[in-house]
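Worth saying up front: this structure is predicted, and the values here are computed from it rather than measured.
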Amino acid sequence: MSPAEKPTPKQSIKAVRGTRDLLPDQTPLWNHVESTARAIFSRYGFGEIRTPIFEDTTLFSRSVGEETDIVSKEMFTWEDRARAASEKAQSLTLRPESTAGVVRAYIEHKLGETGQLQKLYYIGPQFRRERPQRGRYRQFWQIGAEVIGPQSSGAESPIRDAEVLEMLSSLLDELGIRDWRLDLNSVGNADDRARYNAALREALAPVKHLMCPDNQRRADTNPLRVLDSKDEADQEIINTLPKIADFLSPESRTHFEQVLAALDASGVNYNINPRLVRGLDYYTRTTFEFTVTTGLGTQNALLGGGRYDGLSEMLGGPKAPGIGFAIGEDRLILTLQAQAEADAAAEAGAPSSPAVSSPVRVGQAWSPKKLDAYIAPIGEAQNPAALTLARDLRRAGLTIEVGDGRFKLGKSFDTADKLARHIILLGEDEVATHTATLKTFATGEQVKANREELTDMLKGVKP
RNA sequence: GCGGCUAUAGUUCAGUGGCAGAACGCCGCUCUGUGGCAGCGGAUGUCGUGGGUUCGAAACCCACUAGCCGCCCCA
């Protein structure tokens, strides 16, 4: 820095747009969600896969689709520098989704050669350069899974589709998500889709000029998306358009019917939504989306997914049909928080307490736990003994915080009561006699105990 | 990427041109081996950033940044 360049005094650096910090009052809920997902996935035979957070840009343009919004305008892409004159700079991209990376890994490690069905799950951040909004961030987290394998492994079977959907319904139920809705559709195989696309274009040609500008654009670029339109005025026209169901090949139709039959048998509720088209190019046949009504506003899609029978080949791999999904973890958590707040409000009847500002998560599985004990040394001379005692109790598996002998006793009690269920007083007497005074906040009970008794009492073992 | 709303203490917010405020929280004292309660006292702060108007700006104007809402899209 040149001397003339006077440093601006206090320009604090903030998290970049669309990214955020998760502080310790939030992370227990995130961990709860993630450990629940891990537990359920493993019951269904899934193993975890971790793939790189950035990949060759081509991976995404080939799989997700050059013309999609994600690839055409939302990726964080940069040119990696060439390390030698002979080397070409490589275009790299922060992953906007993980299915492409997982399938790349499947191909790269020849997992198909095992002949076995691969069931893989991942949890991690994704990056899209969209305008931030509630439930939509530039770095967001997805919990996803893929079922993929050679045809002989049964990867194409409708039982796999139904199993994945049933697993998701179990996951949402177990997490306590209420009022979720599953929308389901079949977009057919690649041929079905091509024929349907052509038919849509044909049907739209004479009427598209009557539609809103967005739909006129879609009619040209991606006619399937017209079906998604929320434009009220255009609904009448949209209802007259051909239905995908009429273009499904007998094989696609049978596949879809078998998925539905398996869902019926396992009691998973669903809505067939002929207008549900997913945005990524690689989807074939079954597509689905789970939505909720609480907490997400307009970004009400909690998770989405579908089958991608041609993806491996698009990436230069062997034929490997598959099905997968991605859960928006940020959205899942917003939903859980909104539900908890709604519950707390209902509990309070007509709430009229304006002074309550702390987030309401009382009684939830993820509410922060109090420490087992707070050790209060009395006088600075007791600090070393306090730290030693803390070490021993921590090694015994207890959660312990240590104060400072410089604190006044009143302050120690205040802090201890906030953090812990017990306070351990360590004064000159206790240190000299190798004992400690243990007080239980809930009961006000206070005892003097030696070190072994202390550990037992804190662990809830009868001395 | 487009449109709208918003930005003041740690938090939630009041403050429509004239001394920067409340509540909760925080710190201290009453109280140097016994907390929660109470009383008293204290600090809360580049009023998002930069410019402009004005004798004077937290307030009015412009730009920027960020958040939220809607669109687009998606998880």
Side-chain angles (χ1 to χ4, degrees), chain A residues 8-12 14-20 23 25 64 68-74 96-99 124-144 212-215 217-218 222 225 228-231 277-280 288-292 296-305 324-335 353-359 374 376-380 382 403 405-420 422-430 437-442 444-446 448:
Chain A
T8 30
K10 289 186 279 182
Q11 192 60 351
S12 62
K14 296 196 283 198
V16 305
R17 179 171 215 206
T19 69
R20 61 210 179 118
L23 302 178
D25 66 334
V64 175
T68 60
D69 278 14
I70 291 176
V71 171
S72 65
K73 51 193 186 198
E74 295 174 359
E97 59 108 47
S98 281
T99 299
Q126 319 290 336
F127 305 84
R128 292 182 200 171
R129 202 182 175 292
E130 293 183 276
R131 183 141 173 172
Q133 213 175 98
R134 182 182 183 82
R136 195 171 71 185
Y137 308 99
R138 289 183 170 188
Q139 175 176 343
F140 60 102
W141 290 70
Q142 284 187 336
I143 300 174
C212 71
D214 271 330
N215 279 333
R217 180 177 51 77
R218 289 163 170 158
N222 192 347
R225 299 228 66 89
D228 254 355
S229 172
K230 289 166 205 144
D231 190 292
V277 290
R278 312 245 82 237
L280 282 48
F288 57 88
E289 182 174 274
F290 285 69
T291 53
V292 289
L296 291 183
T298 185
Q299 310 298 331
N300 67 343
L302 199 57
L303 70 94
F325 61 85
I327 305 170
E329 189 176 4
D330 308 75
R331 293 183 181 179
L332 197 55
I333 278 163
L334 281 172
T335 305
S353 52
V356 177
S357 63
S358 64
Y374 180 94
I378 302 168
E380 233 177 324
Q382 272 57 249
R406 288 181 298 183
F407 294 159
K408 287 191 175 176
L409 200 57
K411 179 192 168 97
S412 291
F413 267 93
D414 270 339
T415 308
D417 198 11
K418 274 180 199 128
L419 296 180
H422 302 90
I423 185 169
I424 295 170
L425 298 174
L426 211 56
E428 235 177 303
D429 305 352
E430 285 91 344
T437 299
L438 176 73
K439 183 161 186 174
T440 307
F441 284 117
E445 202 177 321
Q446 179 169 321
K448 205 166 208 182

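Counting any heavy atom pair closer than 4.0 Å across all strands shown, A:Lys448 reaches no nucleic acid atom.
A:Arg225 and A:Asp69 are not joined by a salt bridge, as no carboxylate oxygen comes within less than 4.0 angstrom of a charged side-chain nitrogen.
Here B:G28 presents its C1' atom at 17 Å from CZ of A:Arg406, a figure rounded to the nearest Å. Between the CG atom of A:Asp25 and the P atom of B:G10 there is a distance of 17 Å, rounded to whole Å.
Remark: B:A75 base-pairs with no nucleotide; criterion is Watson-Crick or G-U wobble with both hydrogen-bond distances under 3.5 Å. B:C60: Watson-Crick or G-U partner is B:G52, with both key distances under 3.5 Å. Here B:A23 sits opposite B:U11 as a Watson-Crick or G-U wobble pair (both hydrogen-bonding atom distances under 3.5 Å). The base-pairing partner of B:A43, taking Watson-Crick or G-U wobble contacts with both distances under 3.5 Å, does not exist among the strands shown. With a cut-off of 3.5 Å on both Watson-Crick or G-U wobble distances, the partner of B:C5 is given as B:G67.
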Practice task
Produce a footprint string for nucleotides 69-75 of chain B: one letter per nucleotide, 5' end first; B if the base is under 4.0 Å from any protein heavy atom, S if only the sugar-phosphate is, - if neither.
Solution key: SBBBBBB
Handout entry: Base versus backbone protein contacts along nucleotides 34-42 of chain B [heavy-atom cut-off under 4.0 Å; B, S, -]
Key = BBB------
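Contact annotation: A:Lys14 side-chain N/O to B:G67 OP1/OP2 distance is not under 4.0 Å.
When the P atom is compared between B:G3 and B:A57, the two are found 32 Å apart, to the nearest whole Å. A distance of about 8 Å separates the P atoms of B:A20 and B:A58, rounded to the whole Å.
Annotation: ring-ring contact (aromatic ring centres under 6.0 Å, His included) contacts of A:Phe288 (sequence neighbours excluded): none.
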